[in-house]
Amino acid sequence: MEKIAIVTGGSRGIGAATAYLAAERGYAVCVNYLYNSEAAQRVVDSIQQQGGNAIAVAADIACETEVLHLFKTVDEQLGRVSALVNNAGILEPQMRVENMSAARLNQVFMTNITGSFLCAREAVKRMSTKQGGSGGSIVNVSSVASRLGSPNEYIDYAASKGAIDTLTIGLAKEVAEEGIRVNAVRPGFIDTDIHASGGEPNRIERVKASIPLKRGGQAIEVAQAILWLLSDEASYTTGAFIDIAGGK
Ligand code: NAP
């Protein structure tokens, strides 16, 4: 089966590391992004320079029509998707629940929850052996926040990742007989730009003493687990979680 991967939020951080590693492992890769076309193009150019096949597609995963456009573009330019990495996710500035506006909550839930559901939906339609597909693998990028709760930082974000855990458990069972495996990674404290979105670029420095391994993680350390879950080496693994958070 031809290996074709969509990595949402593939222009930076964990998504970019995953896109590079997927290309190295023989996937044609769609690098989805929201605004940062230069960063997405850099990932694509670098993959192509190494002899790989990649395209960049701008699409807001929180918007249904843009998700439809993303998957249609992949159908037309790469072929039928066999691997989805539901990676794109956001968090908002740190604050307590009592200060969170409805607009903020909706933005986080639309992107992290609805966006992941919509992408999973479109992937299942193409992968399901019941719908003429050849099967496939979905990896959802959750967070250890789903079990830690992120008090005083972003409980909304943590709750959105709780929903992703439940999506993983339910969808894995729903599509298991259709040749599709669904798993999740739960990173924590990975050195990317996301902490700046929370208003604290040096967050890992502050919390690292509380991490059993006493350091933050690198995006590649998450990408390696994602690629294992996508691969045939994980052929009997579905509905499973790999925590990548230094023991926290
Ligand atoms: P990041 O460095 O902030 O990168 C976010 C990526 O998502 C960018 O490519 C961004 O595109 C894209 N994106 C944001 N909103 C989008 C939307 N609505 N539609 C499409 N793409 C969108 O994030 P990261 O740290 O690599 O995080 C990746 C995933 O890992 C997220 O789901 C995050 O919750 C999860 N995670 C991260 C950590 C951590 O410590 N870093 C820990 C646990 C879980 P642009 O470049 O165009 O903005």
Side-chain angles (χ1 to χ4, degrees), residues 5-19 30-37 39-40 43 56-74 81 84-95 97 99-124 138-150 153-171 182 184-190 192-201 203 219 222-223 226:
I6 297 175
V7 182
T8 65
S11 54
R12 300 187 270 124
I14 293 167
T18 302
C30 169
V31 176
N32 157 254
Y33 65 99
L34 182 57
Y35 298 126
N36 199 337
S37 58
V43 176
V57 181
D60 180 351
I61 60 157
C63 172
E64 186 169 26
T65 54
E66 295 194 26
V67 171
L68 293 175
H69 163 74
L70 167 65
F71 278 79
K72 188 161 174 280
T73 305
V74 172
V81 64
L84 168 67
V85 183
N86 246 335
N87 167 75
I90 58 165
L91 50 74
E92 295 286 323
Q94 297 173 0
M95 66 176 65
V97 165
N99 296 318
M100 290 179 186
S101 68
R104 167 192 167 119
L105 294 172
N106 289 336
Q107 184 65 31
V108 170
F109 297 159
M110 280 291 287
T111 302
N112 296 4
I113 305 176
T114 306
S116 296
F117 267 80
L118 291 173
C119 291
R121 181 190 78 187
E122 292 308 306
V124 166
I138 297 173
V139 174
N140 295 321
V141 180
S142 174
S143 169
V144 285
S146 72
R147 58 176 172 73
L148 298 176
S150 305
E153 291 188 326
Y154 18 68
I155 296 177
D156 52 349
Y157 169 83
S160 76
K161 295 302 187 178
I164 294 305
D165 289 359
T166 307
L167 167 65
T168 304
I169 293 165
L171 189 61
V182 184
V185 292
R186 286 194 295 214
F189 323 105
I190 309 301
T192 72
D193 296 342
I194 204 168
H195 307 289
S197 317
E200 191 183 9
R203 175 171 174 262
V222 182
I226 292 172

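Please read these numbers as outputs of a predicted model, since none were measured by experiment.
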For this session: Supply the atom-to-atom distance Leu105 CG to Met110 CE, rounded to the nearest 0.5 angstrom.
Result: 13.5 Å
For this session: Please name the pair of heavy atoms, one in Leu118 and one in Glu64, separated by the smallest distance, quoted to 0.1 Å.
Result: CD1-CA, 3.9 Å
Exercise. Distance from Ser160 atom OG to Ile155 atom CD1, nearest 0.5 Å?
Worked result: 12.0 Å
Problem set entry | Identified side-chain contact (heavy atoms from CB on, under 4.5 Å) counterpart of Val85 within the set Ile138, Ile6, Val141, Ile14 | Val141
Problem set entry | Side-chain donor or acceptor of Asp156 paired with backbone N/O of Val97 under 3.5 Å | no
For this session: Could you walk me through whether Thr18 and Val139 pass the side chain to side chain contact (heavy atoms under 4.5 Å, CB included) test, one step at a time?
Result: CA-CA 11 Å; Thr18 302; Val139 174; over 6 Å; no
For this session: Determine, step by step, whether Thr168 and Asn140 satisfy the side-chain hydrogen bond (donor to acceptor under 3.5 Å, both in side chains) criterion, reporting the C-alpha distance in whole Å, the side-chain angles of both residues, the deciding distance to 0.1 Å, and the verdict.
Result: CA-CA 7 Å; Thr168 304; Asn140 295 321; 2.9 Å; yes
Seminar exercise, completed: SG of Cys119 to CG of Leu70, rounded to nearest 0.5 Å, is 6.0 Å
Seminar exercise, completed: Ala58 and Leu34 have their tightest heavy-atom pair at CB-O, 4.3 Å
Exercise. How far apart are the closest heavy atoms of Tyr157 and Ala145, and which atoms are they?
Worked result: CE2-CB, 3.9 Å
Seminar exercise, completed: Scanning both residues in full, the closest heavy-atom pair of Ala123 with Phe71 reads N-CE2, 3.6 Å
For this session: Please report the C-alpha distance between Thr73 and Cys30 in whole Å, then the side-chain angles of each, then the deciding distance to 0.1 Å, and finally whether the side chain to side chain contact (heavy atoms under 4.5 Å, CB included) criterion is met.
Result: CA-CA 9 Å; Thr73 305; Cys30 169; over 6 Å; no
Problem set entry | Atom of Val43, atom of Gly10 and distance for their closest heavy-atom approach | CG2-O, 3.8 Å
For this session: Taking all non-hydrogen atoms of both residues into account, name the closest pair between Val185 and Pro187 and its distance.
Result: O-CD, 3.4 Å
For this session: Examine distances only and state if a side-chain atom of Asn32 and a backbone atom of Ala59 form a donor-acceptor pair shorter than 3.5 Å.
Result: yes
Exercise. Rounded to the nearest 0.5 Å, how far apart are OG of Ser116 and NZ of Lys161?
Worked result: 6.5 Å
Exercise. Side chains of His69 and Val57: closer than 4.5 Å at any heavy-atom pair?
Worked result: yes
Exercise. Do Ile164 and Ser146 come close enough that some side-chain heavy atom pair is under 4.5 Å?
Worked result: no
Exercise. Can a donor-acceptor pair be found between the side chains of Gln107 and Glu92 at a distance below 3.5 Å?
Worked result: no
For this session: Decide salt bridge (charged side-chain N to carboxylate O under 4.0 Å, His left out) for Arg186 and Asp165; before the verdict, give the C-alpha distance in whole Å, the side-chain angles of both, and the deciding distance to 0.1 Å.
Result: CA-CA 9 Å; Arg186 286 194 295 214; Asp165 289 359; 3.0 Å; yes
Exercise. Does Thr111 reach the side chain of Ile61, with side-chain heavy atoms less than 4.5 Å apart?
Worked result: yes
For this session: State, yes or no, whether a side-chain contact exists between His195 and Glu200 at a heavy-atom distance under 4.5 Å.
Result: no
Problem set entry | Gap separating the OH atom of Tyr33 from the CZ atom of Arg12, nearest 0.5 angstrom | 12.5 Å
Exercise. Under the side chain to side chain contact (heavy atoms under 4.5 Å, CB included) criterion, do Leu91 and Val108 qualify, and how do the steps go?
Worked result: CA-CA 7 Å; Leu91 50 74; Val108 170; 6.0 Å; no
Problem set entry | Main-chain N/O of Asn99 paired with Arg104 side-chain donor or acceptor, under 3.5 Å | no
